[in-house]
Amino acid sequence: MDGARSVNERTGGPGAGKGEKLADWADGRLGLYALAKANMRKVFPDHWSFMLGEICLYSFLILILTGVYLTLFFEPSGVEVVYHGSYEPLNGVVMTRAYESTLDISFDVRGGLLIRQIHHWAALVFVTGMLVHMMRVFFTGAFRKPRELNWVFGWTLLFLGIITGLTGYSLPDDLLSGTGIRFADGAILSIPIVGTYLSFFLFGGEFPGHDIIPRLFPIHVLVLPGIMLGLVVAHLILVFYHKHTQYPGPGRDNRSVVGMPFLPVYMAKAGGFFFLTFGVLALMGGLAQINPVWAFGPYSPQLVTTGAQPDWYLGFSEGLIRVMPGWEINFWGHTLEPGVFIPFSLFPLILLAIGLYPFVEAWVTGDKREHHILDRPRNAPVRTGLGVAWLSLYVVLLIGGGNDIVATHLHLSINAITWFVRVSVFVVPVLAFIVTKRICLGLQRRDRDKVLHGRETGTIRRLPHGEYVEVHEPLAQEQLHTLTQHEQEPPYEIGPLVDANGVRRPVRLSQRMRAGLARAMFGPDSRIPKPTVEEHREVTSGDHHH
């Protein structure tokens, strides 16, 4: 009887509870049990850098939650009204309904200012987290097969996050955001021939018009977040589908993962980290003022805010514009503005280069294998140097974008700062690449020395013949494994140009380019050979002061 009853309960019979019946009903139609059994115990490695992706996810969720709240009170209208509200310094001032509703949210809606500031801080953290997360992926080579598509998803999220931030801080229609829209309009007008038509189409007539805010609003709250939400879901699905990348170490290879199960350990940590992220953003929103629109006043085309600066993630685009010479060309009745159009074009091209890099490296190496073990940045000096060069370029352009602020705060000439940035744009990335590559090679030499001779102990010993030497301590096996786990495949080569019969082989330009890039990125000048087993045995077999 007991056996029959247990079978009856498992099959959802009369003796089963309501919860079991519901679970059996859902499992019979959706296959939830098999799906949960396969994924809930999935192992995730534990490393602090993996939290960067979680910060992106949690700040995005907080953006959605706070954005929904703000949408209930914000009115995206360009209709002009006379303000009569709680903020007395602006009473009687003509402004758009969008700006008036932003003031109402800040001063009259319960918790409105707190939610506004949490939303803005979360946007900054979201874009910052995505950039730092992508740099972690870039420096460790986590974009290699089979994760190229996930890199494209992440790159698209970063690009859309920047555009969403631009549309978001333009909605209040204060003097600062209006200056940013004016900047964007100038960039659009610089497009040869079609720029004027695009500007009229976007603004519904002559700038500033009354249509730009109603048009930006659905793009900001519906179109872009919807696309980003789909990309986030696809990104997470691929993270689950692929084995999680992990850093070199004992027991870790392309077939196994060392870490903790998704349930219950990882989920508990993730839940706690979400509330920690929310708490920090709430603390920042409550204590650190950001974007005080009431201090800027409503937008007026003939006014510009003193010290107007965009959010940091758009600073390098403004830096490109500010340091470019003000060239202007009249051609067949058309006025061309290369001083604006060239840097305006460089902005997406620089981002495009980042998005395409994994495919370029895969083509150069010709490596078709899957990679689940991360690189230590020092073991890929050229890739690491390129990443640091890009970051240094960003910092230089950020200085150029704020040249007026730098000049006033440091009491420097704005012309001197502009020329410094113009020269540094070409010089600093090259120097950063060279210095970074040499540092990486130096760290590789140090790793090689540690593997062969062990760790310095600081203990000095005098030998019988009077020589003083420092005692070295052999490394543990797990340390040796970590320092020597990376691969050093020979770079792609064209091979002999003449075959065995003396016939010259045809070599395409793409093959020559690939061989040159492979030699530069992975050739003898870009790596220090790691110690072989024979070298290690030869050094450690005798008396070498260990």
Legend entry - Criterion ring pair (Phe, Tyr, Trp, His ring centres under 6.0 Å) against W151, the qualifying member of Y357, F359, F143: F143
Legend entry - R136 (side chain) donor-acceptor with L52 (main chain) under 3.5 angstrom: no
Inset, instruction - Could you point out which residue of Y58, Y313, F60, W121 forms a ring pair (Phe, Tyr, Trp, His ring centres under 6.0 Å) with F126? - result: F60
Inset, instruction - Verify side chain to side chain contact (heavy atoms under 4.5 Å, CB included) between L63 and H119, making sure each step is shown before the conclusion. - result: CA-CA 6 Å; L63 278 170; H119 189 75; 3.7 Å; yes
Legend entry - Close side-chain approach of L113 and I105, heavy atoms under 4.5 Å: no
Inset, instruction - Starting at OG1 of T71, measure out to CD1 of I64 and round the result to the nearest 0.5 Å. - result: 11.0 Å
Inset, instruction - Check whether the side chains of S300 and Q302 place a donor and an acceptor atom closer than 3.5 Å, and report yes or no. - result: yes
Legend entry - Any donor-acceptor pair under 3.5 Å from S199 side chain to G195 backbone: no
Inset, instruction - Look at the side chain of H409 and the backbone N and O of I405, then say whether any donor-acceptor pair between them is shorter than 3.5 Å. - result: yes
Legend entry - Student check: side-chain heavy atoms of I181 and F203 closer than 4.5 Å: yes
Inset, instruction - Scan side-chain atoms only and decide if R147 and H372 contain a donor-acceptor pair under the 3.5 Å cut-off. - result: yes
Legend entry - Student check: side-chain heavy atoms of F274 and E54 closer than 4.5 Å: no
Inset, instruction - To the nearest 0.5 angstrom, please state how far the CD1 atom of I399 sits from the CG atom of N403. - result: 10.5 Å
Inset, instruction - Answer yes if the side chains of H235 and N150 hold a donor-acceptor pair under 3.5 Å, and no otherwise. - result: yes
Inset, instruction - Kindly give the heavy-atom pair with the smallest separation between V93 and P298, and that separation in Å. - result: CG1-CG, 3.8 Å
Inset, instruction - Could you tell me whether F201 atom CZ has more than 12 heavy atoms of other residues or ligands within 6.0 Å of it? - result: no
Inset, instruction - Verify the neighbour count for atom CE of M267: are there more than 12 heavy atoms of other residues, nucleotides or ligands below 6.0 Å? - result: no
Inset, instruction - Measure the acute angle between the ring planes of F50 and H244, then classify it against the limits of 30° and 60° as parallel, tilted or perpendicular. - result: perpendicular
Legend entry - Atom pair CD1 (I219) and OG1 (T164), whose distance is rounded to the nearest 0.5 Å: 10.0 Å
Legend entry - Min side-chain heavy-atom separation M228-V223 under 4.5 Å: no
Inset, instruction - Check the pair T245 / T140 against side chain to side chain contact (heavy atoms under 4.5 Å, CB included), numbers first and verdict last. - result: CA-CA 10 Å; T245 56; T140 59; over 6 Å; no
Inset, instruction - Over 60° means perpendicular and under 30° means parallel, so classify the ring planes of Y87 and F107, tilted if in between. - result: parallel
Legend entry - Heavy-atom closest contact (P250 atom, T482 atom, distance): CD-OG1, 4.1 Å
Legend entry - For F433 against A389, the heavy-atom pair lying closest together: CB-CB, 4.2 Å
Legend entry - Check: T277 side chain, I55 main-chain N or O, donor-acceptor pair, under 3.5 Å: no
Legend entry - NZ/NE/NH1/NH2 to OD/OE distance under 4.0 Å, K145 and E370: no
Legend entry - Side chain to side chain, N291 and V293, heavy atoms closer than 4.5 Å: yes
Inset, instruction - Taking the side chain as every heavy atom from C-beta outward, state whether L374 and Q246 have any pair of such atoms under 4.5 Å apart. - result: no
Legend entry - L166/I162 under side chain to side chain contact (heavy atoms under 4.5 Å, CB included): CA gap, chis, key distance, verdict: CA-CA 6 Å; L166 172 64; I162 293 174; 5.8 Å; no
Inset, instruction - Drop me the distance from L175's CG to M95's CE, to the nearest 0.5 angstrom. - result: 12.0 Å
Inset, instruction - Might you point out which heavy atoms bring Q117 and I290 nearest each other, and give the distance in Å? - result: OE1-N, 3.2 Å
Inset, instruction - Please test V428 against L393 for side chain to side chain contact (heavy atoms under 4.5 Å, CB included), starting from the C-alpha separation and ending with a verdict. - result: CA-CA 7 Å; V428 170; L393 174 64; over 6 Å; no
Legend entry - E318 bridged to R322 by N-O distance under 4.0 Å: yes
Legend entry - Student check: side-chain heavy atoms of R252 and I373 closer than 4.5 Å: yes
Inset, instruction - Run the ring-centre check on F316 versus F347 and record whether the distance is less than 6.0 Å. - result: yes
Inset, instruction - Please name the pair of heavy atoms, one in G339 and one in M324, separated by the smallest distance, quoted to 0.1 Å. - result: O-CG, 3.2 Å
Legend entry - Close side-chain approach of L189 and F207, heavy atoms under 4.5 Å: no
Inset, instruction - Please report the closest heavy-atom contact between S101 and E75, naming both atoms and the distance. - result: OG-N, 3.2 Å
Legend entry - D375 and R383 ion-paired at < 4.0 Å: yes
Inset, instruction - Mind checking the OH-OG1 spacing from Y299 to T96? Nearest 0.5 Å is all I need. - result: 11.5 Å
Inset, instruction - Report the distance from atom NE2 of H84 to atom CD of E100, rounding to the nearest 0.5 Å. - result: 9.0 Å
Legend entry - Distance-only polar pair, side chains of S177 and D174, donor-acceptor under 3.5 Å: yes
Inset, instruction - Starting from the C-alpha separation in whole Å, work towards a yes-or-no answer on side-chain hydrogen bond (donor to acceptor under 3.5 Å, both in side chains) for R116 and S106. - result: CA-CA 7 Å; R116 264 197 65 232; S106 303; 2.9 Å; yes
Inset, instruction - For the residue pair T102 and W294, confirm or rule out a side-chain donor-acceptor distance under 3.5 Å. - result: no
